[in-house]
Amino acid sequence: MADQSRQGIELKIKQAGVVICSGITEKSIDYKRDLVDITSDDDSGYETYAPFSGVKALSIPLSGVLKNDKMRQLALQTNPILNNLTVLYPDGATLVGNFVLEGLKEEYKGLDAAKYSFTLKTSGAYIYTPAP
């Protein structure tokens with residue numbers, strides 16, 4: 001994997017090949033895996049975990065400069081599930097799955113550019129494909 005520590009890393013969120021979130025300035029990806037505690041009296045007082053995980057989840061908090069109303073439209077639609085969303089990593093790796101748009105915050109302060117923030121959370125299984 002190439003060094004991704006430099007500034008200017010791009011993360012693209014696409015649906016049906018179309019970028020649905022533009023103006024991103026801050027992003028992170030939180031990977032979550034609940035451990036399954038199988039500690040018993042046989043473990044001599046040491047915590048022991050199963051070789052599999054319980055709940056697996058991913059959340060992607062994003063914020064940026066508001067350039068259009070696409071995210072507002074998605075936040076206000078009746079069904080919050082975004083099907084077959086593709087996250088394109090800077091190194092060419094992809095993550096595909098269904099996501100839920102958890103809220104949307106729009107900020108309008110004085111003469112500053114309008115800003116937004118929201119979080120995408122996985123809904124069901126997702127598929128990660130490493131960079132070629």
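Quick caveat, the model's predicted, so the values are computed rather than measured.
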Measuring from atom [atom1] of [X] to atom [atom2] of [Y], what distance do you get when rounded to the nearest 0.5 angstrom?
X      : Y      : atom1 : atom2 : answer
Phe52  : Leu35  : CZ    : CG    : 11.0 Å
Ser117 : Leu62  : OG    : CG    : 9.5 Å
Glu106 : Met71  : CD    : CE    : 10.5 Å
Asp42  : Thr48  : CG    : OG1   : 9.5 Å
Tyr31  : Tyr126 : OH    : OH    : 8.5 Å
Ile24  : Glu26  : CD1   : CD    : 11.5 Å

I need the minimum non-hydrogen distance between [X] and [Y], along with the two atoms involved.
X      : Y      : answer
Thr122 : Ala57  : OG1-CA, 3.7 Å
Gly23  : Lys67  : CA-CE, 3.9 Å
Val36  : Gly54  : CG2-N, 3.5 Å
Ile81  : Ser123 : CD1-OG, 3.6 Å
Ala131 : Asp91  : CB-O, 3.1 Å
Ile29  : Tyr89  : CD1-CE2, 3.5 Å

- List the steps and the verdict of side-chain contact (heavy atoms from CB on, under 4.5 Å) for Ile13 and Leu82. CA-CA 11 Å; Ile13 310 292; Leu82 304 174; over 6 Å; no
- For Arg72 and Tyr116, run side-chain contact (heavy atoms from CB on, under 4.5 Å): C-alpha distance rounded to whole Å, both residues' side-chain angles, the deciding distance at 0.1 Å, then the answer. CA-CA 9 Å; Arg72 184 183 309 134; Tyr116 68 84; over 6 Å; no
- Compare all side-chain heavy atoms of Thr39 with those of Tyr46 and state whether any distance is below 4.5 angstrom. no
- Chi angles and distances behind the side-chain contact (heavy atoms from CB on, under 4.5 Å) call for Thr119, Lys121: CA-CA 6 Å; Thr119 300; Lys121 291 188 170 189; 4.1 Å; yes
- Query: Among the clusters formed by ILVMFWY side chains lying less than 4.5 Å apart, do Tyr128 and Leu58 turn up in the same one?
  - Reply: yes
- Do Ile127 and Leu85 belong together in a cluster built from hydrophobic side chains that touch within less than 4.5 Å? no
Return a table of donor-acceptor pairs under 3.5 angstrom between the side chains of residues 93-102 and protein atoms on other chains or two or more places apart.
residue: Asn98; atom: OD1; partner: Asn84; partner atom: N; Å: 2.9

